[in-house]
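Below: the structure, in structure tokens.
As the structure is a computational prediction, the values presented were derived from the model and not from experiment.
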Number of protein chains: 2
Amino acid sequence: MASHRKARLVDVARDAGVSPATVSRAMAQPGLLALETLTRVRDSARRLGYLTDGTARALASGRSMTIGAVVPTLDSTIFARVLQSFQSALAREGYQLLVASHEMSLAAETEAVRMLLARGVDGLMLVGAERSQETVRLLATSEVRVVLTWVGAPDFAAVTVDNEAAGRLVAEHLIGLGHRRIGMIVGHLAFNDRQRARLAGVRQAMERAGLALPDALVSEQVLTMAGGRAGCARLLDLAERPTAVIGGIDLFAIGGVQEAQARGLSVPGELSVAGIDDIEFSASMMPALTTVRIPTAQIGQVAASTLLAEISGQGRLEHTRLPIELVVRRSTAAP
Amino acid sequence: MASHRKARLVDVARDAGVSPATVSRAMAQPGLLALETLTRVRDSARRLGYLTDGTARALASGRSMTIGAVVPTLDSTIFARVLQSFQSALAREGYQLLVASHEMSLAAETEAVRMLLARGVDGLMLVGAERSQETVRLLATSEVRVVLTWVGAPDFAAVTVDNEAAGRLVAEHLIGLGHRRIGMIVGHLAFNDRQRARLAGVRQAMERAGLALPDALVSEQVLTMAGGRAGCARLLDLAERPTAVIGGIDLFAIGGVQEAQARGLSVPGELSVAGIDDIEFSASMMPALTTVRIPTAQIGQVAASTLLAEISGQGRLEHTRLPIELVVRRSTAAP
DNA sequence: ACTTTCGATGAAAGCGCTATCATAAAAGGC
DNA sequence: GCCTTTTATGATAGCGCTTTCATCGAAAGT
């Protein structure tokens, strides 16, 4: 049964009548031991309720079997989903996930990275390519393996998605429907290269079509549904209101639809609304949201395997760009 | 600038002309040092780019400054929110968060707990009170500090919410409006004491009112909006369809509203729908959802402080029950 | 039969830090 | 001024594991 003091490696060794080294091998490289010894050690371990001390193991071996992730926030469908698939992919390989959030602050990201490095993580998952000099320096000197998500950068492995193309796709769709005056609700652009890229994509598509996207038609909001609603309200209050609104994230588009409907405007009859992300809700709302599908779960999964490849020495700063796709539903129509 | 090999404590000590012990103190208990020594050590540390090795520190001190959390899934508004507030409260006190998910499997929870204990976490946050014998044994022998969330249990500190009362509140509200035939969509009841309690609360309110909740009117579904839709479809296909539907989580209620509307049924005119959770979306959907507000963010925050109190030796298995509240909006009306 | 190789185990030196104990200098106490 | 505290620092023994390196039979090669 359970011993009083926590069992250590030597206790198991004594109990099994072998050396500590043998027990260590039994736990980490069972293949090296004679079958008989192995079972004897395992029996003792079980009887004593022995659990390897990960701390000591990490110190002695130099590998912590722990991966760190720094995301803007955990409280977002998008990042939660990425983390869920990232975490379960890691768990399958015996790695644990240490998470930190920076809530859109460059300095907080630096601090989080510093803490994670101090914890001796074997690898790090970061969001986006924009970061402070200080963070970059920490990363470089620590030589920890890193995988970037959403947006990549030279010298880093990355799993990205073409945010600019995403913006372009929705914009082109709307332009194709005949919209000339299109508004956009985006997240605060500081320290958010994903939103900047999406905005850039929209702008690019419009310019190509000879249209303008004046500042008045771009509303920066906090990344919530309420933000979307507020942003849409601002755009609808304009003297020359847009005939279509693009949400930099689906949440914005959903808030936008609500605002329009609350004002008695029919969507898409009187206002077309589209988003980017394709979160679960978008498919089933009324009207179903036209959006661009971002393979969130896949990002986490591929990020995990990319990072593990880097750690194991295979993997040469691989950069995977995941495909995105315009999903036309019912929230958009000709003006 | 950055040295080639990673700087260790002794390097800083040598550089500053002090003993390793002094450097250790400079990092951990600056108050003990003469100001002059302290600044000298700090300068050396900065110059060498020294970062404390958390692994070694943990081994030597016996505290890892790491907290583990095992949740059903990260990919859920609810748990994501709890984790976000939990994590940021911990970060403020210098603790890091190690997360694991069990995806509704008792065995996976055990495995996750085992891994976290092996990692030497100083504390553990768990969801609900139901777990395997094996998990309980691990917890007991490890003597790690634990805080339970949502549902509590004797011998554990906990931050809970009265799930049964939540179910009762919505049911009473509906009964008060005159509904006699009420259906419920719940999550799979195995290994989900939160859903079981909510169902029990609904049942209790109905019985008190002399009403029945036959099995046919309870639909178990996976915890997604699509599940809610499917559950509602099943209830609406019944020969004697209910006049009101309760979602065991808001997501179910939202899916339910969608299903009803898709069938051309007006909510709340022809069907009342209510949920439990009060997620962001519920307030702004059309019609706005009647639900019970669960203070999710607060759960995480209080769980953090409760756990830290346990760890520091203050805190005697405190049990905090957070208040919930019926929020009547537009999705419910008299039948 | 006699090395040579291999397979299985043991001995022991760290991994980088903290914490205890000892010590030396400075500060009080009367 | 001599003794007792206090304050600041040093010396050093671990924390519990992994990992060479060494060892010792047994299997294999010739």
Side-chain angles (χ1 to χ4, degrees), chain A residues 3 5-42 44-45 48-66 94 115 117-122 142-144, chain B residues 3 5-42 44-45 48-66 94 115 117-122 142:
Chain A
S3 61
R5 287 274 118 260
K6 212 185 330 189
R8 290 154 308 148
L9 189 79
V10 284
D11 300 324
V12 178
R14 195 175 305 120
D15 186 87
V18 297
S19 76
T22 301
V23 180
S24 172
R25 289 183 189 112
M27 310 309 289
Q29 311 149 65
L32 291 184
L33 298 192
L35 202 63
E36 189 217 356
T37 321
L38 184 59
T39 53
R40 192 146 40 92
V41 172
R42 284 192 168 157
S44 298
L48 300 179
Y50 173 70
L51 272 186
T52 303
D53 180 323
T55 306
R57 188 210 281 264
L59 182 57
S61 70
R63 285 162 319 114
S64 65
M65 296 304 280
T66 295
M115 296 308 286
L117 289 179
R119 245 61 168 190
V121 295
D122 294 337
S142 80
E143 293 173 345
V144 71
Chain B
S3 61
R5 287 274 120 259
K6 214 186 326 192
R8 290 151 311 150
L9 189 81
V10 284
D11 300 324
V12 178
R14 194 174 309 121
D15 187 88
V18 296
S19 77
T22 301
V23 180
S24 173
R25 290 185 188 108
M27 310 309 290
Q29 312 150 64
L32 292 183
L33 297 191
L35 201 64
E36 190 216 356
T37 321
L38 183 59
T39 52
R40 193 146 40 91
V41 172
R42 286 191 167 160
S44 297
L48 301 178
Y50 174 70
L51 271 187
T52 303
D53 181 322
T55 306
R57 186 209 283 263
L59 181 59
S61 69
R63 285 164 318 114
S64 65
M65 297 303 280
T66 295
M115 296 309 287
L117 290 179
R119 243 61 169 192
V121 295
D122 294 337
S142 80

Practice problem: With heavy atoms under 4.0 Å as the rule, sort A/Leu59 into base, sugar-phosphate or nothing. | Solution: base
Exercise. Give one of base, sugar-phosphate or nothing for B/Leu9, where a contact means two heavy atoms less than 4.0 Å apart.
Key: base
Could you give the [atom1]-to-[atom2] distance, from [X] to [N], as a whole number of Å?
X: A/Leu33; N: D/dT18; atom1: CG; atom2: C1'; answer: 14 Å
X: A/Asp53; N: D/dG14; atom1: CG; atom2: C1'; answer: 14 Å
X: B/Tyr50; N: C/dG16; atom1: OH; atom2: P; answer: 10 Å
X: B/Arg63; N: C/dT18; atom1: CZ; atom2: P; answer: 10 Å
X: B/Leu35; N: D/dT9; atom1: CG; atom2: C1'; answer: 16 Å
X: A/Leu32; N: D/dT18; atom1: CG; atom2: P; answer: 13 Å
X: A/Lys6; N: D/dG16; atom1: NZ; atom2: P; answer: 8 Å
X: B/Arg8; N: C/dT18; atom1: CZ; atom2: C1'; answer: 16 Å

Quiz item: So do the side chains of B/Thr66 and A/Arg119 get within less than 4.5 Å of each other, counting heavy atoms only?
Solution: yes
Quiz item: Looking only at side-chain N and O atoms, does B/Thr55 come under 4.0 Å of OP1 or OP2 in C/dG16?
Solution: no
Practice problem: Considering just the side-chain nitrogens and oxygens of B/Ser61, establish if one lies under 4.0 Å of OP1 or OP2 belonging to C/dA19. | Solution: no
Restricting to non-hydrogen atoms, name the atom on [X] and the atom on [Y] that form the minimum distance, rounded to 0.1 Å.
X: A/Ala118; Y: B/Leu51; value: N-CD1, 4.3 Å
X: A/Leu117; Y: A/Ser142; value: CD2-OG, 3.6 Å
X: A/Leu59; Y: B/Ala56; value: CD1-CB, 3.8 Å
X: B/Ala26; Y: B/Arg42; value: O-NH2, 4.3 Å

Self-check item: Among B/Val18, B/Asp11, B/Val12, side chain to side chain contact (heavy atoms under 4.5 Å, CB included) partner for B/Ser44
Solution: B/Val12
Self-check item: Exam field: side chain B/Arg40 to backbone B/Ala16, donor-acceptor pair closer than 3.5 Å
Solution: yes
Practice problem: Please work out which residues in residues 12-31 of chain B have a non-hydrogen atom less than 4.0 Å from an atom of DNA chain C and list them by number. | Solution: B/Ala21, B/Ser24, B/Arg25
Exercise. Select one nucleotide: of D/dT9, D/dC17, D/dG14, the one nearest the side-chain heavy atoms of B/Ala60.
Key: D/dG14
